Amino acid sequence: MNWQVVKCCFFLGVTTVLCSLDFNYHDNKAVENYLKDINKNYSSITYLHSIGSSVAGNQLWVLVIGLNPSKHMIGIPEMKYVANMHGNEVVGRELMLHLIEFLVTSYKNDTGISLLINSTRIHIMPSMNPDGFDASVPDCYGTTGRTNKNGYDLNRNFPDAFDLNPDPIQPETRAVMDWIKNETFVLSANFHGGAVVASYPYDNGNSGNKGISPDNDFFKNIATLYATKHTNMYKGVECPNMASFPGGITNGYQWYSVRGGMQDYNYIYGQCFEITIEISCCKYPNESTLSQHWNDNKVSLIEYMAQVHSGIKGRVFDKLGNPISGAIVEVNNRKHVKPYKTNSNGEYYLLLLPGVYTFSAICS
């Protein structure tokens, strides 16, 4: 499939006109207004909500896209994209807005996109750190705006399975943790800047695992998919003062260890496979580059979402036909730090490459 950027205005109904999003940076109010306009004009396939607020009171907006966007539907996998976790790493924030536009305007006009939306519940958070964005300045390599308003790095603020994290959990972190707990996320990616690479779990580790997860094969596969669908990530882009990454991918822990990262938290505590995607050498580049960044990433963004349908899914029932919540469903020789369990509907989702596997369901 080919996805093209089209600059035009979309006429909705008799009087409403929604014009194509420009390639400029959008402040927090502009992002909020844009998401509300999208939700208003595409209400049948979108649901807009805030999962919480930042230290300064900015809302943490999430736009959900799907056939039934306001609630989970049995058998429909959930995936999410989160950007702007570091407030001064801004390209991902704009990519999320353009991705939203592309998805909703392609629905019923593109067969592949329509199938994706009809079979997936897609959650997109353009900014996890709106306060940091407010404080940030155009600068390729600085740190102004990286942290939240309390001065905490949100990608060092989550509970860690391999190392005690003494930092107090911040409002933005707590909101995301609750969000993960309340949804059945299966696949995720978070977007950063400062390099061009797809990094996969673990971000932290110990002498026993050396940062290698039990699902290393799948993680390497989806990281490679993103990199190869990208215009140049797969080439091993060499950013200033940084070595290149063969094939455009890396294991996070082997790059550098991160205590309290969101990627590992999703995978270990949320049963959600997440990778970290670094999409620009410059953290806050000139807005004239945004169109090229969109063109570089658009196919990767779409193809990555489709990977949520990999592997196996199903439900666990008791003898009376009632769904069993909390049943442990694991594949042999893929023991997770915390066993993967069924949700309240008895559902399980296990992302796997094609192959032959033995798995079991154990009810407590």
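Just so you know, these numbers come straight off a predicted model, no measurement behind them.
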Engineer: Do H293 and F23 have ring centroids that are under 6.0 Å from one another?
Structural biologist: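 No - the distance between ring centres of F23 and H293 does not fall below the 6.0 Å cut-off.
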
Engineer: Does a side-chain N-to-carboxylate-O contact under 4.0 Å join D153 and R146?
Structural biologist: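 Salt bridge flag = yes for R146 with D153.
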
Engineer: Please work out whether the ring planes of Y47 and H49 are parallel, tilted or perpendicular, with thresholds of 30° and 60°.
Structural biologist: parallel

Engineer: List in chain and number order the residues that pass side chain to side chain donor-acceptor pair (under 3.5 Å) with D217, two or more places apart in sequence or in another chain; answer none if no residue qualifies.
Structural biologist: R334

Engineer: Between E183 and K80, is the closest basic N to carboxylate O distance under 4.0 Å?
Structural biologist: no

Engineer: Side chains of H26 and N24: any donor to acceptor distance under 3.5 Å?
Structural biologist: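 No - no donor-acceptor pair under 3.5 Å links their side chains.
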
Engineer: Assess whether side chain to side chain contact (heavy atoms under 4.5 Å, CB included) is satisfied between D296 and N232, documenting all intermediate values.
Structural biologist: CA-CA 7 Å; D296 288 346; N232 51 40; 4.3 Å; yes

Engineer: Taking the six-membered ring for Trp and the full ring for Phe, Tyr or His, determine whether the centres of F191 and Y81 are under 6.0 Å apart.
Structural biologist: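 Yes - the distance between ring centres of F191 and Y81 falls below the 6.0 Å cut-off.
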
Engineer: Do S288 and N286 have a side chain donor and acceptor closer than 3.5 Å?
Structural biologist: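 The criterion, which ignores hydrogens and geometry beyond distance, is satisfied for N286 and S288.
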
Engineer: Between D139 and Y284 (side chain of the first, backbone of the second, donor and acceptor by atom type, cut-off under 3.5 Å), is there such a pair?
Structural biologist: no

Engineer: Take a 6.0 Å sphere around NZ of K229 and say whether it holds more than 12 heavy atoms from other residues, nucleotides or ligands.
Structural biologist: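 No, because the 6.0 Å sphere around NZ of K229 holds 12 heavy atoms or fewer from other groups.
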
Engineer: Just checking, is any N or O donor in the side chain of S257 or N204 under 3.5 Å from an acceptor N or O on the other one?
Structural biologist: no

Engineer: Can you give each donor-acceptor pair under 3.5 Å made by side-chain atoms of residues 58-67, sequence neighbours left out, with the distance rounded to 0.1 Å?
Structural biologist:
unit_1 : atom_1 : unit_2 : atom_2 : d
N58    : ND2    : D131   : OD1    : 2.7
Q59    : OE1    : S50    : OG     : 2.7

Engineer: Considering only the SG atoms, does C281 lie under 2.5 Å from C140?
Structural biologist: no

Engineer: CG of N333: more than 12 outside heavy atoms within 6.0 angstrom?
Structural biologist: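 Open: at most 12 neighbouring heavy atoms sit under 6.0 Å from CG of N333.
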
Engineer: Look at the rings of Y267 and Y202 and say which category their plane angle falls in: under 30° parallel, 30 to 60° tilted, over 60° perpendicular.
Structural biologist: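 Y267 vs Y202 ring planes: tilted.
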
Engineer: Should the pair Y349 and H72 be assigned to parallel (<30°), tilted (30 to 60°) or perpendicular (>60°) ring geometry?
Structural biologist: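 Rings of Y349 and H72: perpendicular, as their planes differ by over 60°.
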
